[in-house]
Protein chains: 2
Amino acid sequence: MSQVSTKQKILNAAEILFAKHGFDNTSLRMITTDADVNVAAVNYHFGSKKELIQAVLDRYFTLFVPKLMLSLKASLADKEDAFTLTDFYSAFIQPLLSLSGIHSKATATFMILVGRGYSETQGHLRRYFTTHYGELLSLLLDSVLKAKPELTRATVFWRLHFALGSVVFTMTSNTALREIALADFDKSTSIEDLIYELVPYLAAGMNAE
Amino acid sequence: MSQVSTKQKILNAAEILFAKHGFDNTSLRMITTDADVNVAAVNYHFGSKKELIQAVLDRYFTLFVPKLMLSLKASLADKEDAFTLTDFYSAFIQPLLSLSGIHSKATATFMILVGRGYSETQGHLRRYFTTHYGELLSLLLDSVLKAKPELTRATVFWRLHFALGSVVFTMTSNTALREIALADFDKSTSIEDLIYELVPYLAAGMNAE
DNA sequence: ACCAATTTCAAACAACTGTTTTAAATGTAT
DNA sequence: ATACATTTAAAACAGTTGTTTGAAATTGGT
């Protein structure tokens, strides 16, 4: 019990701090202090900080990726030739919402971690993404191409990442953007408002040309 | 001569390293080694690392922001009530290309630095952005609203930042994304191809609903 | 209750961080 | 050439980083 508990206490604390400050700006001492655990525990249970980062990401990927792939495959099989972009986007909702089982902010945290993984990447994270990302990416490309056959595979690839960029940038810059938004209009913006703004924007982008 | 030269050698080296590794992951010793200058020179000429970061950003902002604002105002005055989204996007081209006067990669570097400024923000950078960014943001909002009066000011605000997110994410993740793209299709993607993909996507997003 | 394996802990590790100090070198006027 | 201010340079600063050590505490199996 104590072994699992310590490991998970570290993962929980690390995840929050990684999302808030980034991987490199989070020290092991910040993590172990928040987790109420000895500094040496990280190296004992995970080996190194690098492996801790991957363990944090793994927890989300092993939960999210299979669910998303199942959801997409089910929708593709169900709709067959009538599969639309709306079906594509809808396939994300359930898997994303299911992350809330971990904790309330899990969905946002996941997106932020993915974003940080992309931009803070220093080699080992890049390799991690390309391996754990490969078959999912193929399925995503195939799905969109089913809904929009007139697009090239390359165009779909880039548009998917443009969309990811909008989401990830909005998440990681959340505090800064909300502050600026608050200074310009005096009405504050909730996460729900943001999603409401985001969805039609992403849909229109993928539908371009 | 020697004083200006040292200052600029530091700025040039810092800019490249900041864009490549981020602000916090770039040490003063990395910068001064690349610049072939003593470590103490940074604190002598700039006061602190924070002030060096702002000096690097300043070099771009003082060059880019006035040009963009003039370009937008000229276009607004010229087209009057016939100002379109195409006019809006076109106003960026000249100011962005003029950055190439600094060096060949200046435009991409500028976008990356802006992106890092948003997500690595720890307080002082956020304040820097809101002050040096305020009147430009207002002008951008007004311009888009002239072209698309049916949108609310808040919607335009978020869509502008969604677009910035796509650009910035694509820039900062450039290497990683190109690697993935190369693994999936075997045709490599140039920056020109990327812009060609980006423009219709951004236009469609702003035109949504 | 015992032994052995697992886990925790305080302390120290070498390497690195931004910054400061002090002295030497350089430049610039008179 | 003298006197002054500006700029460079080597060295050390206190603080933090990830990681390792070795002994203490805890655990689980018999």
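Naming: A, B, ... by sequence-line order, numbering from 1 per chain.
- Taking 4.0 angstrom as the limit, Ser27(A) places a side-chain polar atom (N or O) nearer than this to OP1 or OP2 of dT17(D).
- Within 4.0 Å (heavy atoms only), Ala40(B) reaches at least one base atom of the nucleic acid.
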Revision key, fill the gap. Note, DNA chain C 5' to 3' with Watson-Crick or G-U pairs under 3.5 Å encoded as ( ), [ ], | and . gives ..||||||||||.||||.||||||||||||
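- Remark: side-chain polar atoms of Ser100(A) are paired, donor with acceptor, to backbone N or O of Leu97(A) under 3.5 angstrom.
- Comparing Gly47(A) and Met30(A), the nucleotide of DNA chain D nearest to each residue sits closer to the 5' end for Met30(A).
- The interatomic distance linking Arg29(A) (CZ) with dT17(D) (P) rounds to 7 Å, in whole Å.
- Counting to the nearest Å, the C1' atom of dT16(D) and the CD1 atom of Ile31(A) are 15 Å from each other.
- The phosphate of dG18(C) has neither OP1 nor OP2 within less than 4.0 Å of any side-chain N or O from Ser48(B).
- Across the protein-nucleic acid pair, Lys49(A) atom NZ and dT17(D) atom P stand 9 Å apart, rounded to whole Å.
- Distance, Glu51(B) CD to dT19(C) P: 9 Å, rounded to whole Å.
- Distance, Lys9(A) NZ to dT8(C) C1': 11 Å, rounded to whole Å.
- Side-chain nitrogen and oxygen atoms of His45(B) include at least one within less than 4.0 Å of the OP1 or OP2 phosphate oxygen of dT8(D).
- Between Leu28(A) atom CG and dT8(C) atom C1' the separation is 16 Å, expressed in whole Å.
- At the heavy-atom level, Thr26(A) lies under 4.0 Å from the strands shown only through sugar-phosphate atoms.
- Contact annotation: Asn38(A) side-chain N/O to dA10(C) OP1/OP2 distance is under 4.0 Å.
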